[in-house]
*Asks:* 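Okay, handing you the structure first.
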Amino acid sequence: MVKKKWKEITDEDFYSLNVRAVWQYFKKESFAFWMICAYLFLEYVRPQSIYPAIDILPWTKLVVIGAILGCFTDKTVRWVSSSVNVLLIFFLLIIVASSYLAYFPEISFKNLDKYYLWVVIYFLIINIVNTRKRFFIFLCIFLVASFKLSLSLALIWARRGFSFTGWGLMGPPGFFQNSGELAIQMLVFWPIAWAFSHALKGYITRRWYFLLMLMPITAVMVILGASSRGAQLALIVQLLVMNYRQVFKPKVFVSVFIAFFVIWTFLPDAQKQRFETMGDDGTSKQRILYWQNGLTMIEDNPVLGVGYFNFAPYFERYFPNDIILGRAELPHNIFIQVGTDTGILGLLIYSFILISALKIGRSFSRSEGEVKFSMVGRAFNLSLIGFVVAGQFVTVTYYPFLWIHLALLVALKNSFGNLPPKKMRNRSQKNVKAFQGGI
């Protein structure tokens with residue numbers, strides 16, 4: 001009796017979300033790919049923080065080491081070139097130089113891993129996640145991990161009767177525990193989830209589609225419930241940018257108006273009052289002082305700033321009368337943080353990194369690559385806009401948002417750079433045209 005072979009796993013198996021086929025493919029993948037997927041899962045889901053009993057080893061470090069070692073046995077791993085690579089290395093060199101010349105160099109060197117580890121993670125991702133199927137699986141892990149957060153917290157907010165609390169919503173211990181950082185992850189997550197759902201609409205069942213649409217819906221709910229004014233402002237900017245070309249068409253105008261009305265209706269009264277007092281409350285006044293004195297620091301130390309992670313101790317020494325809330329914190333602004341950390345040199349490189357990311361997203365969406373994922377490429381730019389706008393009010397420069405975003409974007413460009421079969425392009429053309437009314 002001839003044993004029946006498992007059929008070849010095609011792109012359509014992935015796009016139709018055939019879980020069994022995807023799992024069969026994943027099991028046959030390389031050790032390096034398993035490890036980089038494990039890293040993403042551990043970093044975003046944080047089971048080791050949720051269940052202390054298993055927090056007995058440095059899991060994320062171990063899987064990163066495993067991914068590095070796996071690269072030597074994975075013959076598919078090839079160096080991926082990108083302008084972003086050069087910019088990240090330049091930024092690292094500037095950070096090292098700034099640390100040597102810092103006012104408090106011991107503080108700088110103690111925090112070096114907060115950036116250079118992201119450089120390592122970035123290069124691992126772009127060189128390991130180098131095929132369409134690998135990227136699809138990796139992106140799905142990113143989406144499912146974020147959805148796990150958004151769904152559970154949206155349900156918590158709903159059980160509270162959509163009421164306001166001073167701490168908003170909180171994620172598991174880690175990068176997304178604080179409500180402000182949690183809301184930024186949702187700003188990064190929802191446009192990609194929205195585009196992903198629409199990109200696969202022609203392949204999946206209606207039930208799958210409705211389930212996928214819960215991802216952006218619950219993400220927006222978390223942004224509203226997290227009580228972060230900066231994130232809520234960023235959400236409005238994202239919606240305006242997404243629809244700016246069509247916003248004056250009657251149907252689109254009415255839809256956008258209804259969306260804003262629903263957002264405002266769902267905001268608790270206490271949160272609305274926070275918008276009304278913006279600029280006058282203690283938190284706002286302290287942040288304004290951080291920004292004003294941060295600009296002074298950059299003017300006085302224009303080349304390499306006051307030193308990497310030196311903002312707080314420098315502020316306490318030279319601006320003690322401007323500390324309102326007990327002690328100096330980080331500047332609550334990504335550009336002020338980069339400027340004080342690394343001066344105008346670092347600020348220029350950081351700005352070029354952001355511009356390069358936008359250019360890659362736009363060039364991918366206009367290219368002759370995989371049409372379905374051109375929607376996702378365009379959505380990455382919406383995510384970046386959300387990060388930048390919200391980043392004017394929180395200190396998240398060295399959080400995973402931008403660095404994982406860059407890795408996903410470059411991996412997307414590298415994996416879907418070739419022209420797919422014609423029949424696969426045609427099936428999603430309608431969805432792409434509908435989505436490309438935005439950025």
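Values reported hereafter were calculated over all heavy atoms of this structure, with side chains retained and with hydrogens, waters and symmetry mates removed.
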*Asks:* If you look at every heavy atom in L42 and Q48, which pair is closest and at what distance?
*Replies:*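 Looking at all heavy atoms of both residues, the closest pair is O-NE2, 3.5 Å.
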*Asks:* Could you tell me which residues satisfy side chain to side chain donor-acceptor pair (under 3.5 Å) with S108, sequence neighbours excluded, listed by chain and number?
*Replies:*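 In terms of side chain to side chain donor-acceptor pair (under 3.5 Å), with neighbours along the sequence ignored, S108 is linked to N310.
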*Asks:* For T296 and D300, what are the C-alpha separation, side-chain angles and deciding distance, and is it a side chain to side chain contact (heavy atoms under 4.5 Å, CB included)?
*Replies:* CA-CA 6 Å; T296 300; D300 294 341; 3.5 Å; yes
*Asks:* On a heavy-atom basis, which atom in V80 and which in N127 lie closest, and how many Å separate them?
*Replies:*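 It is N-OD1, 2.9 Å.
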*Asks:* Can I get a per-line list of side-chain donor-acceptor pairs under 3.5 Å for residues 313-328, giving both atom names and the distance, sequence neighbours left out?
*Replies:*
unit_1	atom_1	unit_2	atom_2	d
E316	OE2	A328	N	3.3
D322	OD2	N293	ND2	2.9

*Asks:* Please step through side chain to side chain contact (heavy atoms under 4.5 Å, CB included) for the pair V188 and L402, ending with a clear verdict.
*Replies:* CA-CA 9 Å; V188 171; L402 177 61; over 6 Å; no
*Asks:* Give a yes or no on whether the ring-centroid distance for F176 and Y399 is below 6.0 angstrom.
*Replies:*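 Here the rings of Y399 and F176 have centres that are no less than 6.0 Å from each other.
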*Asks:* Please check this pair: side chain of N414 against backbone of V410, looking for a donor-acceptor N/O pair closer than 3.5 Å.
*Replies:*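 No, because the side chain of N414 does not come within donor-acceptor range (under 3.5 Å) of the backbone of V410.
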*Asks:* Please enumerate all residues that pass side chain to side chain donor-acceptor pair (under 3.5 Å) together with K61, with sequence neighbours excluded.
*Replies:*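 With neighbours one apart ignored, the set is empty.
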*Asks:* Could you measure the distance from the CG atom of L124 to the CG atom of L40? Nearest 0.5 Å is fine.
*Replies:*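 Reported value, rounded in 0.5 Å steps: 12.5 Å.
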*Asks:* Could you point out which residue of F123, Y122, Y115 forms a ring pair (Phe, Tyr, Trp, His ring centres under 6.0 Å) with W403?
*Replies:*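 Of the listed residues F123, Y122, Y115, the ring pair (Phe, Tyr, Trp, His ring centres under 6.0 Å) partner of W403 is Y115.
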*Asks:* Please check if the side chain of N130 supplies one atom and the backbone of T76 the other of a donor-acceptor pair under 3.5 Å.
*Replies:*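 Checked: pair present.
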*Asks:* Do any N or O atoms from the side chain of T342 and from the backbone of G339 form a donor-acceptor pair under 3.5 angstrom?
*Replies:*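 Not confirmed, T342 side chain does not pair with G339 backbone.
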*Asks:* Counting C-beta onward and ignoring hydrogens, is there a side-chain heavy-atom pair between I349 and L345 closer than 4.5 Å?
*Replies:*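 No, too far: nothing below the 4.5 Å cut-off.
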*Asks:* Considering residues at least two apart in sequence or located in another chain, which fulfil the side chain to side chain donor-acceptor pair (under 3.5 Å) criterion with Y44?
*Replies:*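 Result, side chain to side chain donor-acceptor pair (under 3.5 Å) vs Y44: none returned.
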*Asks:* Quick one: are the ring centres of F387 and H405 less than 6.0 Å apart?
*Replies:*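 F387 vs H405: aromatic centres not under 6.0 Å.
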*Asks:* Using a 3.5 Å distance criterion without hydrogens, assess whether the side chain of S415 forms a donor-acceptor pair with backbone atoms of L412.
*Replies:*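 Pair absent, no side-chain N/O of S415 close to backbone of L412.
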*Asks:* Just do the side chain to side chain contact (heavy atoms under 4.5 Å, CB included) check on M215 and S197 with the steps written out, would you?
*Replies:* CA-CA 9 Å; M215 294 193 295; S197 304; 4.2 Å; yes
*Asks:* Side-chain contact test, heavy atoms from C-beta onward, threshold under 4.5 Å: evaluate it for V389 versus L235 and give yes or no.
*Replies:*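 V389 vs L235: side chains apart.
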*Asks:* Enumerate donor-acceptor pairs with a distance under 3.5 Å from any side-chain N or O in residues 50-59 to protein atoms, sequence neighbours excluded.
*Replies:*
unit_1	atom_1	unit_2	atom_2	d
W59	NE1	I54	O	2.7

*Asks:* Under a 3.5 Å distance rule, please check whether W34 uses its side chain to pair with a backbone N or O of F26 as donor and acceptor.
*Replies:*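 Indeed, once roles are kept as given, a pair shorter than 3.5 Å links the two residues.
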*Asks:* Under the rule for side-chain contact (heavy atoms from CB on, under 4.5 Å), what residues qualify as partners of S152, not counting sequence neighbours?
*Replies:*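 Testing S152 for side-chain contact (heavy atoms from CB on, under 4.5 Å), a comparison that skips the adjacent residues, returns none.
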*Asks:* Tell me whether S98 contacts the main-chain N or O of D341 through its side chain, where contact means a donor paired with an acceptor under 3.5 Å.
*Replies:*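 Pair found, side chain donor or acceptor close to backbone of D341.
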*Asks:* Any heavy-atom pair between the side chains of I223 and S228 that's under 4.5 Å?
*Replies:*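 Contact flag for S228/I223 side chains = no.
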*Asks:* Quick one, Q185 and S146 - any side-chain contact, counting heavy atoms below 4.5 Å?
*Replies:*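 Side chain of Q185 against side chain of S146, heavy atoms only: contact under 4.5 Å found.
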*Asks:* Provide the closest heavy-atom pair for A407 versus I126 in the form atom of the first, atom of the second, distance.
*Replies:*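 Scanning both residues completely, I find the closest heavy atoms to be O-CG2, 3.7 Å.
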*Asks:* Under 4.5 Å between any side-chain heavy atoms of F352 and F90, yes or no?
*Replies:*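 The answer is no; the side chains never approach within 4.5 Å.
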*Asks:* Going by side-chain contact (heavy atoms from CB on, under 4.5 Å), name the residues that satisfy it together with M35, two or more places apart in sequence or in a different chain.
*Replies:*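 By the side-chain contact (heavy atoms from CB on, under 4.5 Å) rule, M35 matches F31, V63, A67.
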*Asks:* For the atom pair CG (L289) and CZ (R287), what is the distance rounded to the nearest 0.5 Å?
*Replies:*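 Between atom CG of L289 and atom CZ of R287 there are 12.5 Å.
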*Asks:* Can any side-chain N or O of H332 pair as donor or acceptor with the backbone N or O of L330 at less than 3.5 Å?
*Replies:*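 Checked: pair present.
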*Asks:* Would you give the length of the straight line joining atom NZ of K133 to atom CD1 of I137, rounded to the nearest 0.5 angstrom?
*Replies:*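 Between K133 NZ and I137 CD1, I get 9.5 Å after rounding to 0.5 Å.
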*Asks:* Evaluate the side chain to side chain contact (heavy atoms under 4.5 Å, CB included) criterion for residues T395 and I336: first the C-alpha distance (whole Å), next the side-chain angles of each, then the deciding distance (0.1 Å), finally the verdict.
*Replies:* CA-CA 9 Å; T395 312; I336 297 295; over 6 Å; no
*Asks:* Looking at residues at least two apart in the chain, or sitting in another chain, which of them share a side-chain contact (heavy atoms from CB on, under 4.5 Å) with Q392?
*Replies:*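 Counting only residues at least two positions away or on another chain, Q392 forms a side-chain contact (heavy atoms from CB on, under 4.5 Å) with N333, I334, F335, V388.
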*Asks:* I want to check a possible cation-pi pair here: K110 against F309, using under 6.0 Å from ring centre and within 45° of the ring axis as the test.
*Replies:*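 No, K110 does not lie over the aromatic ring of F309.
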*Asks:* Which word best sums up how the rings of F196 and F136 line up, parallel for under 30°, tilted for 30 to 60°, or perpendicular for over 60°?
*Replies:*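 Aromatic pair F196/F136 classed tilted.
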*Asks:* Are any non-hydrogen side-chain atoms of P216 and V220 less than 4.5 angstrom apart?
*Replies:*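 Sidechains of V220 and P216: no contact.
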*Asks:* Which heavy atom of L187 sits nearest to which heavy atom of A231, and what is that distance?
*Replies:*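 Heavy atoms only, the tightest pair is CD2-O, 3.6 Å.
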*Asks:* Only counting residues at least two apart or in another chain, list the ones meeting side chain to side chain donor-acceptor pair (under 3.5 Å) with S383.
*Replies:*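 S383: no side chain to side chain donor-acceptor pair (under 3.5 Å) contacts found.
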*Asks:* Less than 4.5 Å apart, side chain to side chain, heavy atoms only: is that true for L169 and R160?
*Replies:*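 The answer is yes; the side chains approach within 4.5 Å.
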*Asks:* What residues form a salt bridge (Lys or Arg N to Asp or Glu O under 4.0 Å) with R46, not counting sequence neighbours?
*Replies:*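 Checked R46 against salt bridge (Lys or Arg N to Asp or Glu O under 4.0 Å); matches are E43.
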*Asks:* Which residue pairs pass the salt bridge (charged side-chain N to carboxylate O under 4.0 Å, His left out) test when at least one of the two sits in residues 67-83, sequence neighbours left out?
*Replies:*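 Listed by first then second residue: D74-R134.
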*Asks:* Please enumerate all residues that pass side-chain contact (heavy atoms from CB on, under 4.5 Å) together with L69, with sequence neighbours excluded.
*Replies:*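 By the side-chain contact (heavy atoms from CB on, under 4.5 Å) rule, L69 matches I65.
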*Asks:* Using a 4.5 Å cut-off on heavy atoms from C-beta on, say whether the side chain of F175 contacts that of E181.
*Replies:*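 Answer no - side chains too far apart.
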*Asks:* What I want to check is whether the side chains of D113 and Y398 have a donor and an acceptor closer together than 3.5 Å.
*Replies:*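 No, because no side-chain N or O of D113 sits under 3.5 Å from a partner of the opposite role on Y398.
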